[in-house]
Participant: 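Structure in structure tokens, see below.
Every chain is numbered from 1, with letters handed out A, B, ... down the list of sequences.
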Amino acid sequence: NAGVTQTPKFRVLKTGQSMTLLCAQDMNHEYMYWYRQDPGMGLRLIHYSVGEGTTAKGEVPDGYNVSRLKKQNFLLGLESAAPSQTSVYFCASRRTGGNQPQHFGDGTRLSIL
Amino acid sequence: GDSVTQMEGPVTLSEEAFLTINCTYTATGYPSLFWYVQYPGEGLQLLLKATKADDKGSNKGFEATYRKETTSFHLEKGSVQVSDSAVYFCALSGEMGDYKLSFGAGTTVTVRA
């Protein structure tokens, strides 16, 4: 009963390096989301997808790219990491239809030095 | 745009005390409202939800009532336990088909034995 799985759980990068965060869900959900969590700011939406092959910008998309080539996977990329991207990243998914909750992964803690 | 304002913490209580966390929102139409809980080192879990005016969501002794006239969704629990120590987030999902969540900043609750 995996639900939403995020890989990796922790990562330390140097400024300018690139990396990809992977989110996988096994619930056949149509919608997937990437958030970042920073102290005192709650969760802010980075990018989201309403179905396989689609992506859209959220509240704070700059510096990130995403892809949804397969329904179950949603990848978040940092092309050139910056210290301002140090954060905890959460992926979520939900099924189609109103009033459904989002299901969250356990997060990826990312530090950019 | 949609936004959520919740009571700032941290909140420290003794076991069996009454807990209230205030949450107010700004949104057009009839959003769905949620409370999520985040235990240390974990992702967010849905605590309860309400989808229309005057609905009461409840779970694990927590309750919140959707008050459209005051645009509020305050969280309450009559007798807290040490295990309720966590960060609580109020969130709303607007009427748009992308079902994006807007989160409050989160309230850290610590319950002492």
Side-chain angles (χ1 to χ4, degrees), chain A residues 2-7 9-10 21 23-25 27 29-51 54-61 66 68 74 87-109, chain B residues 1-10 21 23-27 29-53 55 57 59 64 66 73 86-108:
Chain A
V4 179
T5 303
Q6 293 184 232
T7 308
K9 296 188 183 305
F10 305 96
L21 280 64
C23 176
Q25 53 95 2
M27 297 173 283
H29 286 172
E30 288 292 333
Y31 298 82
M32 297 188 75
Y33 308 84
W34 275 107
Y35 297 90
R36 59 178 289 171
Q37 183 181 23
D38 301 294
M41 303 186 73
L43 276 73
R44 293 180 293 168
L45 182 65
I46 305 171
H47 286 282
Y48 64 100
S49 169
V50 300
T54 74
T55 62
K57 294 180 180 179
E59 181 184 355
V60 288
V66 288
R68 183 103 181 266
F74 195 29
S87 189
V88 181
Y89 292 86
F90 286 99
C91 176
S93 70
R94 77 183 294 280
R95 65 181 58 185
T96 306
N99 311 324
Q100 297 295 320
Q102 291 185 15
H103 299 261
F104 284 81
D106 287 340
T108 295
R109 186 174 295 276
Chain B
D2 297 342
S3 66
V4 175
T5 302
Q6 70 180 93
M7 186 176 85
E8 293 186 13
I21 304 176
C23 172
T24 57
Y25 68 89
T26 301
Y30 297 88
S32 295
L33 301 174
F34 304 86
W35 276 101
Y36 282 86
V37 59
Q38 183 180 31
Y39 299 105
E42 298 183 9
L44 279 71
Q45 303 174 24
L46 178 68
L47 181 59
L48 53 85
K49 69 177 183 179
T51 58
K52 61 182 186 294
D55 263 2
N59 186 26
Y66 188 144
F73 192 54
V87 182
Y88 294 82
F89 292 93
C90 184
L92 74 81
S93 178
E95 294 183 309
M96 297 296 289
D98 50 28
Y99 305 114
K100 294 182 291 186
L101 284 174
S102 297
F103 285 89
T107 302
T108 300

Participant: Using every non-hydrogen atom in the two residues, find where B/Ala105 and A/Gly40 come nearest and quote the distance to one decimal.
Facilitator: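 The answer is CB-O, 3.5 Å.
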Participant: What are the two closest heavy atoms between B/Tyr99 and A/Gln102, and how far apart are they?
Facilitator: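 Minimum heavy-atom contact is O-NE2, 3.2 Å.
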Participant: Just wondering, are more than 12 heavy atoms of other shown residues or ligands nearer than 6.0 Å to OH in B/Tyr30?
Facilitator: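 Atom OH in B/Tyr30 is not packed in, count stays at 12 or less.
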Participant: With a 4.5 angstrom heavy-atom cut-off, could you sort out which part of B/Leu101 is near chain A: side chain, backbone, both or neither?
Facilitator: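 Its backbone and side chain both get close to chain A.
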Participant: So what's closer than 4.5 Å to chain A heavy atoms on B/Gln38: side chain, backbone, both or neither?
Facilitator: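 Side chain only.
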Participant: Mind checking the CZ-CG spacing from A/Arg94 to B/Leu46? Nearest 0.5 Å is all I need.
Facilitator: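 Rounded to the nearest 0.5 Å, the CZ-CG separation comes out at 11.5 Å.
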Participant: Within this structure, what is the OG-CZ distance for the pair B/Ser102 and A/Arg44, rounded to the nearest 0.5 Å?
Facilitator: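 Result: 13.0 Å between the selected atoms.
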Participant: Among B/Lys52, B/Lys100, B/Glu8, B/Gln45, which residue has the highest count of heavy-atom pairs closer than 4.5 Å to chain A?
Facilitator: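 Of the options given, most contacts go to B/Lys100.
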Participant: Might you work through the side-chain contact (heavy atoms from CB on, under 4.5 Å) test for B/Phe89 and A/Gln37, ending with a clear yes or no?
Facilitator: CA-CA 12 Å; B/Phe89 292 93; A/Gln37 183 181 23; 3.2 Å; yes
Participant: For A/Leu43, is it the side chain, the backbone, both, or neither that has a heavy atom closer than 4.5 Å to a heavy atom of chain B?
Facilitator: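 Backbone plus side chain of A/Leu43, per the 4.5 Å heavy-atom cut-off to chain B.
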